[in-house]
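The figures here come from the full heavy-atom set of this structure, side chains too, leaving out hydrogens, waters and symmetry mates.
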Amino acid sequence: MQGYSFELITGPMSCGKTEELLRRVRRCIIAKKKVKVISPDVDTRAKGDYIESRNGLWLDAIKVKHSIQILSVVKPEDEIVAIDELQFFDNNIVKVISKLMEDGKRVIGTGLELDFKAEPFGSMPELMCIATSVDKLHAVCMKCGCDYATRTQRLIDGKPADKNSPLIMIGGDETYEARCIKCYELPDKRPREKRGLKLLQFEHK
């Protein structure tokens, strides 16, 4: 796939998103393409200016705080722009990637489509809409072992996190694991009267 494109790689934690991103980037490097790799600075799992997959592959990357900074980092001669962890960027990331495509760049990005509450994460729904291709990867469920884990289970002290815990909590395998829909758990520890539940009332005619 040439320029004017946006390839989005998505799925739960531990499904190989960053590994696939690095694979594509390395092929571009072999082809002697000019590549720029970018990562949000909120992702502190890698202790330096690089991105790293769970199997140990890594590549130098430029860390940025706001998505608009990407446009100043990418130079006219750059042909490929790889962006990791898209879900952590602010809403301007959609406009930024659209601008990169308009400028003839081939953009390759990764991102969690769902947060730990199994709700759309950040700007991922809009990014999936503007992507020219979407690869949705599955992981192995860490509870039952099936091949179709699509949820990211957050763990606190080894137990499923409460749905009211903070949205963003950076962590590795000790904090998150992939699970299938059947094994995924999201407890709500608030008192029932504070959960905002509304009873459906039906009129009898």
Side-chain angles (χ1 to χ4, degrees), residues 1-46 48-54 57-116 118-139 150 152 167-168 170:
M1 192 172 290
Q2 304 303 314
Y4 301 97
S5 64
F6 171 35
E7 305 161 37
L8 180 57
I9 307 163
T10 188
M13 294 282 282
S14 304
C15 70
K17 297 185 298 299
T18 300
E19 180 181 350
E20 175 60 19
L21 175 74
L22 292 173
R23 186 190 71 82
R24 296 185 193 186
V25 168
R26 291 186 187 279
R27 287 176 63 87
C28 294
I29 293 173
I30 292 172
K32 301 188 184 306
K33 301 290 186 181
K34 292 189 178 298
V35 182
K36 191 64 60 70
V37 182
I38 298 167
S39 175
D41 68 356
V42 69
D43 186 1
T44 56
R45 289 171 299 173
D49 292 338
Y50 59 90
I51 59 173
E52 183 178 15
S53 66
R54 278 180 162 72
L57 298 176
W58 64 276
L59 203 62
D60 290 332
I62 297 173
K63 297 291 185 76
V64 299
K65 185 173 184 179
H66 303 293
S67 60
I68 202 71
Q69 292 177 262
I70 295 173
L71 296 178
S72 61
V73 166
V74 175
K75 305 304 179 185
E77 62 269 20
D78 292 325
E79 301 168 271
I80 317 295
V81 181
I83 310 174
D84 201 27
E85 304 291 358
L86 285 165
Q87 77 278 355
F88 288 143
F89 284 101
D90 55 84
N91 293 337
N92 283 325
I93 189 64
V94 179
K95 295 179 180 179
V96 168
I97 290 181
S98 295
K99 180 66 168 62
L100 292 173
M101 283 195 288
E102 291 172 7
D103 291 343
K105 311 298 184 185
R106 174 187 173 187
V107 183
I108 310 171
T110 72
L112 289 167
E113 59 182 333
L114 300 174
D115 59 26
F116 83 100
E119 297 176 351
F121 205 153
S123 297
M124 288 299 291
E126 292 90 341
L127 292 173
M128 293 176 77
C129 288
I130 68 169
T132 51
S133 69
V134 178
D135 289 301
K136 189 171 181 178
L137 306 183
H138 297 145
T150 58
T152 297
L167 177 60
I168 297 178
I170 305 300

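A donor-acceptor pair under 3.5 Å is absent between the side-chain atoms of S123 and the main chain of V94, judged by distance alone. In this structure, the side chain of K17 does not engage the main chain of L8 through any donor-acceptor pair within 3.5 Å. For K105 (side chain) and E102 (main-chain N/O), no donor-acceptor pair under 3.5 Å exists by modelled atom type. Between the side chain of T110 and the main chain of E85, a donor-acceptor pair closer than 3.5 Å is present. In this structure, S5 contributes its side chain and R106 its backbone to no donor-acceptor pair below 3.5 Å. Using a distance-only test at 3.5 Å, with no hydrogens or angles considered, no donor-acceptor pair links the side chain of K36 to the main chain of A82. In this structure, the side chain of E79 engages the main chain of K34 through a donor-acceptor pair within 3.5 Å.
A search for ring pair (Phe, Tyr, Trp, His ring centres under 6.0 Å) contacts involving H138 returns Y148, not counting sequence neighbours. Annotation: salt bridge (Lys or Arg N to Asp or Glu O under 4.0 Å) contacts of E20 (sequence neighbours excluded): R23, R24. With sequence neighbours left out, the salt bridge (Lys or Arg N to Asp or Glu O under 4.0 Å) criterion links D115 to no other residue.
The CG atom of L86 sits 12.0 Å away from the CE atom of M128 when rounded to the nearest 0.5 Å. In this structure, F121 CZ and L112 CG are separated by 6.0 Å, a value rounded to the nearest 0.5 Å. Distance check, rounded to the nearest 0.5 Å: NZ of K95 to OG of S98 gives 9.5 Å. Here CG of L114 is found 7.5 Å from OG1 of T10. Values are rounded to the nearest 0.5 Å. Here the straight-line distance linking atom CG of L100 with atom CD1 of I70 works out to 7.0 Å at 0.5 Å rounding. A distance of 11.0 Å separates CD1 in I83 from CD1 in I62, rounded to the nearest 0.5 Å.
Nearest approach of P12 to C15, heavy atoms of both residues: O-SG, 3.1 Å. The minimum heavy-atom distance linking V73 with D78 is given by the pair O-OD2, 4.2 Å. Nearest heavy atoms, H66 versus F89: C-CD2, 4.5 Å. Here the shortest heavy-atom pairing between S14 and A139 reads O-CB, 3.6 Å. Nearest heavy atom pair, residue Q69 against residue S72, reads O-OG, 2.7 Å. Between L127 and F6, the closest heavy-atom pair is O-CE2, 3.5 Å.
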Would you sort out whether L71 and V74 count as a side chain to side chain contact (heavy atoms under 4.5 Å, CB included), showing the intermediate values? CA-CA 5 Å; L71 296 178; V74 175; over 6 Å; no
Would you sort out whether V64 and D41 count as a side chain to side chain contact (heavy atoms under 4.5 Å, CB included), showing the intermediate values? CA-CA 5 Å; V64 299; D41 68 356; over 6 Å; no
Stepwise side chain to side chain contact (heavy atoms under 4.5 Å, CB included) check, I38 with V81: CA-CA 8 Å; I38 298 167; V81 181; 4.0 Å; yes
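Using a 3.5 Å distance cut-off with no hydrogens or angles, the side chains of N92 and S67 do not pair a donor with an acceptor.
Under the 4.5 Å side-chain criterion, counting only non-hydrogen atoms from C-beta, D84 is not in contact with V37.
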